[in-house]
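Right, one structure below, let's go through it.
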Amino acid sequence: MKRMSRFKCPMAVLNVALQLRRFDSVRVFEGRTRPCGSKIDHRDIVDEFTMYCYQKDLPNAMKALESMQKHKLWANSITYSELIKCCIARGAVELGKRVHHHVFLDGYEPKTFLINSLLNMYVKFNLLDDAEFLFDRMLVRNVVSWTTMIVAYSNSEYKCKALRMLIMMLRDGVQPNMYTYSSVLRASEEISTLKQLHCCIIKVGLELDVFVRSALIDVYCKWGEPKSALLMFDEMGTSDIVVWNSIIGGFSQNSDGEEALDLFIRMKRSGFWADQSTLTSVLRGCTSLALLELGRQVHVHVIKFDRDLVLNNALLDMYCKCGSLKDADSVFARMVAKDVISWSTMIIGLAQNGYSRKAIDLFEAMRGSGMKPNYITVLGVLFACSHAGLVKEGRCYFESMKTDFGVDPGKEHYGCMIDLLGRAGKLDEAKKLIHEMKCEPDAVTWRALLGACRVHRDLDLAEYAAKKVLSLDPCDAGTYTLLSNIYANSQRWDEAAKLRGLMRDRGIKKEPGCSWIEIDKQVHAFTLGDNAHPEIHQELGRFVRRLKEEGYVPDTSFVYQDVEGEQMENSLAYHSEKLAIVFGIMRLPKGKTVRIRKNLRICGDCHVFAKLLSKMEGRSIIVRDPVRYHHFQDGACSCGDYW
DNA sequence: CTAGGGTTAG
């Protein structure tokens, strides 16, 4: 009879085992475990165990393990590591612990390799205490042992432990390798730490390793230094797809869609094919630039990966943020799987585009489906309420968010509520709420209150809020202008002048207004009073004349309120969005929606202008400002004039 | 036995 132990190579064991099973497994195994009258063959027990391990037959492997335990037998380390892999894959925590127990029984001393496997298992099960316990008791620790622990801590909230371990490892005389460095970089909690690690990496000559490189690029970008990352990227020779994705993703996450898309073109020229990660970043780039047509082209490539949740979420967000809710709806409906991000994206998308009711309905549908809302989902539904003036609903969600969804109200939630109450004219309540906050209100929170004061012309409270904003964010140009205008309006000229002086001294300048439009794969940018295109100005003049005949009166009445937008500028008539809209009407085929993106909030006059123009020209016009989306059609706007 | 890239708000 063939003995299993003849087959030293695990693959051969596996193949024979599979054949035996196919023909007559029962007879063979019974014959082997009960060889008539003779003593049990120890090698057979171990062989059987080995075979089950390679077959990934967990129940039988565990049975064989018990039998080995009874006879004080041990298999080789590689076999155990196969079994441990299997436990990891199946999430079999208890079985894994039994293996751990077994290999330390009766004074057996497992090899470092095997203990490393166990360490890795505990890390994969996220049982860091068990891993640490085992690690602390190891007699010999090699680079893998240390790295395993460093990886664990780098991915945990105890990042400083990862760095401490690195130091201990060096003191212990164990050289970190590329595995160690590519993980520990993530643990830098300060940019200076990152730079120190980078120096170590250069010194030991590991900077050229693609894993280390992509980690470096990624972490520099996470620290908001994509330019440094790009320098490194350009300096180095070879890259792989992940390195490309790191740099492209880095720029897209730092909202530099333009650079991200440029790099994507470079990547394609270098002969790489986009994968899911690339496409996700490219879509995010389109989203931040509001490039709907380019986004649609990317969509074609997304279809290849239509089961990829993250990618689909990015696609969904692209359509929402580009103002095409029809496309967003169909992506959402077709998604095979949806997670909390898919739902949140759609809810926020609906709210931003003016469909607050639909957003709330979808939120309720989400709850009905059993999906648990998170911090951002709740923010989305409050946002929907605040933009539709739904005070009652908003208050209700806010008050029950902790009990109903298990989400503690954070400063963003308070901000939404302050916005909601403030806009609805309940300034006292808004003020009360900001003082009741459990967390420290930040500049954004105070700005929400300030915005409400502006709308309802509460000068005293506005002054109070503006001072708070400036103490927290001394670079906020809009607030300076607003506050100085409040002073000017109350004839407090000295204070107004002082504030303007302060602004000058601090070198704070208002961001110039800019609008963009995408036509035929080209992006056209317009700035305030842009007179590089006289023909657009002429056409704009004609539109204004015709609108005036219909009763349009350019609105210059809001003097001090409109500081965030371009309203303080004299050339109200040539705001960038007006130029961009007119250009769109001139260049796009009849019936095609004019889509504009701008960097500042739309002003009251442009809002009226766009509404009337949409009716006169029979055109849909969409203007996306940094907060809201305005869909103009037939003389009305999706925001219901509430923004 | 150890390593790198992607999605919702601000």
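Each chain gets a letter, A, B and so on, in the order the sequences are listed, and its residues count up from 1.
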Q) Counting side-chain heavy atoms from C-beta on, which of B:dG6, B:dA9, B:dT2 comes nearest to A:Thr147? A) B:dT2

Q: Could you check which of B:dC1, B:dT7, B:dG4 has an atom nearest any side-chain atom of A:Ile341?
A: B:dT7

Q: If a pair satisfies side chain to side chain donor-acceptor pair (under 3.5 Å) and one of its residues is in residues 251-271 of chain A, list it, with sequence neighbours excluded.
A: A:Asp234-A:Arg266

Q. To the nearest Å, how far apart are A:Asn353 CG and B:dA9 C1'?
A. 15 Å

**Q.** Nearest-nucleotide pick for A:Gln253, side chain only, options being B:dT7, B:dG4, B:dT8
**A.** B:dT7

Q | Touch class at under 4.0 angstrom, heavy-atom based, for A:Val243 against every strand present | A | base

Q.
Within 45 degrees of the ring normal and closer than 6.0 Å to the centroid, is that where the cationic atom of A:Arg137 sits relative to A:Phe133?
A. yes

Q: Using whole Å, report how far CE of A:Met371 lies from C1' of B:dT8.
A: 13 Å

Q: Find out whether A:Leu127 and A:Val93 are in side-chain contact, i.e. whether some heavy atom of one side chain is under 4.5 Å from a heavy atom of the other.
A: yes

**Q.** For DNA chain B, the residues among residues 303-323 of chain A that have a non-hydrogen atom under 4.0 Å from it
**A.** A:Asp308, A:Val310, A:Leu311, A:Asn313, A:Asp317, A:Lys321

Q | Set of residues satisfying salt bridge (Lys or Arg N to Asp or Glu O under 4.0 Å) with respect to A:Asp209, sequence neighbours excluded | A | none

Q.
Rounded to the nearest 0.5 Å, what separates atom CG in A:Asp419 from atom CG in A:Leu449?
A. 10.0 Å

Q | Sequence-distant partners of A:Asp275, salt bridge (Lys or Arg N to Asp or Glu O under 4.0 Å), two or more places apart | A | none

Q | Per A:Asn374 side chain, nearest of listed nucleotides B:dT7, B:dT8, B:dG4 | A | B:dT8

Q: Answer yes if the ring centres of A:Phe398 and A:Tyr414 are under 6.0 angstrom apart, and no otherwise.
A: yes

Q: Have a look at A:Ile348 and say if it touches a base, only the backbone sugar-phosphate, or nothing, with a 4.0 Å heavy-atom cut-off.
A: sugar-phosphate

**Q.** Polar side chain donor-acceptor pair, A:Asn374 to A:Thr377, under 3.5 angstrom
**A.** yes

Q: Name all residues meeting the ring-ring contact (aromatic ring centres under 6.0 Å, His included) criterion together with A:Tyr108; count only those two or more places apart in sequence or in a different chain, and write none if there are none.
A: A:Trp74

Q: May I ask you to list the residues of residues 108-127 of chain A, by number, that have any heavy atom positioned under 4.0 Å from an atom of DNA chain B?
A: A:Phe113, A:Asn116, A:Ser117, A:Asn120, A:Lys124

**Q.** salt bridge (Lys or Arg N to Asp or Glu O under 4.0 Å) involving A:Glu393 - partner list, sequence neighbours excluded
**A.** A:Arg357

Q) Tell me: CE of A:Met169 to P of B:dA3, nearest whole Å? A) 13 Å

**Q.** Parallel, tilted or perpendicular, as decided by the 30° and 60° cut-offs, for the rings of A:His102 and A:Tyr80
**A.** tilted

Q. Base, sugar-phosphate, or nothing for A:Asn142, non-hydrogen atoms under 4.0 angstrom?
A. nothing

Q: Rounded to the nearest angstrom, tell me the gap between atom CG in A:Asn254 and atom P in B:dG10.
A: 17 Å

(Q) Can you measure A:Leu185 atom CG to B:dG4 atom P for me and round it to whole angstrom units? (A) 11 Å

Q: Have a look at A:Ile241 and say if it touches a base, only the backbone sugar-phosphate, or nothing, with a 4.0 Å heavy-atom cut-off.
A: base

Q. Can you tell me if the side-chain N/O atoms of A:Lys85 get under 4.0 Å from OP1 or OP2 in B:dT2?
A. no

Q. Using a heavy-atom distance cut-off of less than 4.0 Å, which residues of residues 171-183 of chain A contact DNA chain B?
A. A:Asn177, A:Met178, A:Tyr179, A:Ser182, A:Ser183

Q. Out of B:dA3, B:dT8, B:dG4, which nucleotide sits closest to the side chain of A:Val151?
A. B:dA3

Q.
Any base atoms under 4.0 Å from A:Lys222, or only sugar-phosphate, or nothing? Heavy atoms, all strands.
A. sugar-phosphate

Q. What residue pairs, at least two apart or across chains, pass ring pair (Phe, Tyr, Trp, His ring centres under 6.0 Å) with a residue in residues 340-359 of chain A?
A. A:Phe332-A:Trp343

**Q.** Separation of atom CG in A:Leu379 from atom C1' in B:dT8, rounded to whole Å
**A.** 10 Å

Q) Does a side-chain N or O from A:Arg284 land closer than 4.0 Å to OP1 or OP2 of B:dT8, or not? A) yes

Q) Touch check for A:Thr345, heavy atoms < 4.0 angstrom, all strands: base, sugar-phosphate only, or nothing? A) sugar-phosphate

(Q) At a heavy-atom distance below 4.0 Å, what parts of residues 414-423 of chain A sit against DNA chain B? (A) none

(Q) Output the rounded distance in Å from CZ (A:Arg601) to P (B:dG10). (A) 11 Å

(Q) The criterion is salt bridge (Lys or Arg N to Asp or Glu O under 4.0 Å); which residues satisfy it with A:Glu82, sequence neighbours excluded? (A) A:Lys85

Q) A:Phe332 has an atom CZ; how far is it from atom C1' of B:dT8, in whole Å? A) 12 Å

**Q.** Atom NZ of A:Lys411 with >12 non-hydrogen neighbours under 6.0 angstrom
**A.** no

Q.
Given B:dT8, B:dG10, B:dG6, identify the nucleotide with an atom nearest to the side chain of A:Val444.
A. B:dG10

Q: Using ring-ring contact (aromatic ring centres under 6.0 Å, His included) as the criterion, list what pairs up with A:Tyr179, not counting sequence neighbours.
A: none

Q: State whether the distance check finds a donor on one side and an acceptor on the other, under 3.5 Å, for side chain A:Thr148 versus base B:dT2.
A: no

Q | A:Arg213 to A:Phe233 six-membered ring, cation-pi geometry met (6.0 Å, 45°) | A | no

